Amino acid sequence: MQVADRCSVLRKGKYIGTVDIKDTTPEKLSAMMVGRDVNFIVDKEPAKPGEVVLDIQNMSVASKRHKNNAVNNVSMQVHRGEIVCMAGIDGNGQTEFVYGLSGLEPLTGGKIVMNGQDITEMSIRKRLTSGLSHIPEDRHKHGLVLDYSLENKQDLIRFSQEISL
């Protein structure tokens, strides 16, 4: 609102309207955007993070695009009750970070401790059974077995049962 004179709103591909910024409020504009009133006041107690549940120490993961590491000497801790988000422009290491954490790519250095247990050398399956989950950024490419026909369903059922053990 600080950089515009007018604002046009599209919602679900449909034109909702155009307003003069000087004649509207953030509340009115957000209602146009989402189709209902939006409460800007969040009545929430401050977070009280618990113990460390994930401790990443000096993690490095090689790059497939160049000779340097895509992730180089990254350390962080996540406490129980925290939500951590990682964002970045494609090619800046966030994919390799997740792959290193989940075991899809080997670490070139560092250590990962989850709930007090060193999972650095654990298999992907063991990491899953220890409580680590991964939702791939491209679910069609990395999260589904699209080539399987119905005749292969027994293999898929057996595979999913093995993972859930």
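Computed from a predicted structure; not experimentally measured.
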Would you call Glu96-Lys64 a salt bridge at under 4.0 Å N-O?
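Salt bridge absent between Glu96 and Lys64.
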
Donor-acceptor contacts, no H, no angles, side chain residues 106-117, under 3.5 Å, sequence neighbours left out:
unit_1	atom_1	unit_2	atom_2	d
Thr108	OG1	Ser60	O	3.3
Thr108	OG1	Asn69	OD1	3.4

May I have the step-by-step check of side-chain contact (heavy atoms from CB on, under 4.5 Å) for Lys126 and Ile119, ending in yes or no?
CA-CA 8 Å; Lys126 187 73 174 159; Ile119 67 167; over 6 Å; no

With the 4.5 Å side-chain cut-off for hydrophobic clustering, are [X] and [Y] part of the same group?
X      : Y      : result
Val71  : Val78  : yes
Leu101 : Met76  : yes
Leu104 : Ile135 : no
Tyr15  : Val9   : no

Would you give the length of the straight line joining atom [atom1] of [X] to atom [atom2] of [Y], rounded to the nearest 0.5 angstrom?
X     : Y     : atom1 : atom2 : answer
Met1  : Ile21 : CE    : CD1   : 4.5 Å
Met86 : Thr95 : CE    : OG1   : 10.0 Å
Ser75 : Ile56 : OG    : CD1   : 8.5 Å
Ser30 : Asn39 : OG    : CG    : 10.0 Å

Applying the side chain to side chain donor-acceptor pair (under 3.5 Å) test to Glu51, which of Gln77, His79, Arg80 qualifies?
Arg80

Is the shortest side-chain heavy-atom distance between [X] and [Y] below 4.5 Å?
X     : Y     : value
Val19 : Met32 : yes
Val74 : Phe97 : yes
Cys7  : Thr18 : no

Check whether [X] reaches the backbone of [Y] with its side chain - one donor and one acceptor, N or O, closer than 3.5 Å.
X      : Y      : answer
Asp23  : Asp20  : no
Asp118 : Thr120 : yes
Arg127 : Met122 : yes

Give a yes or no on whether [X] atom [atom1] has more than 12 heavy-atom contacts from other residues, nucleotides or ligands under 6.0 Å away.
X      : atom1 : answer
Glu121 : CD    : no
Met33  : CE    : no
Asn68  : CG    : yes

Looking at [X] and [Y], what are the two nearest heavy atoms and their distance?
X     : Y      : answer
Ala31 : Asp37  : CB-OD1, 4.0 Å
Tyr99 : Ser102 : O-OG, 3.3 Å
Arg11 : Val34  : CD-C, 3.8 Å

Establish, from distance only, whether the side-chain atoms of Asp55 and Gln57 form a donor-acceptor pair under 3.5 Å.
yes

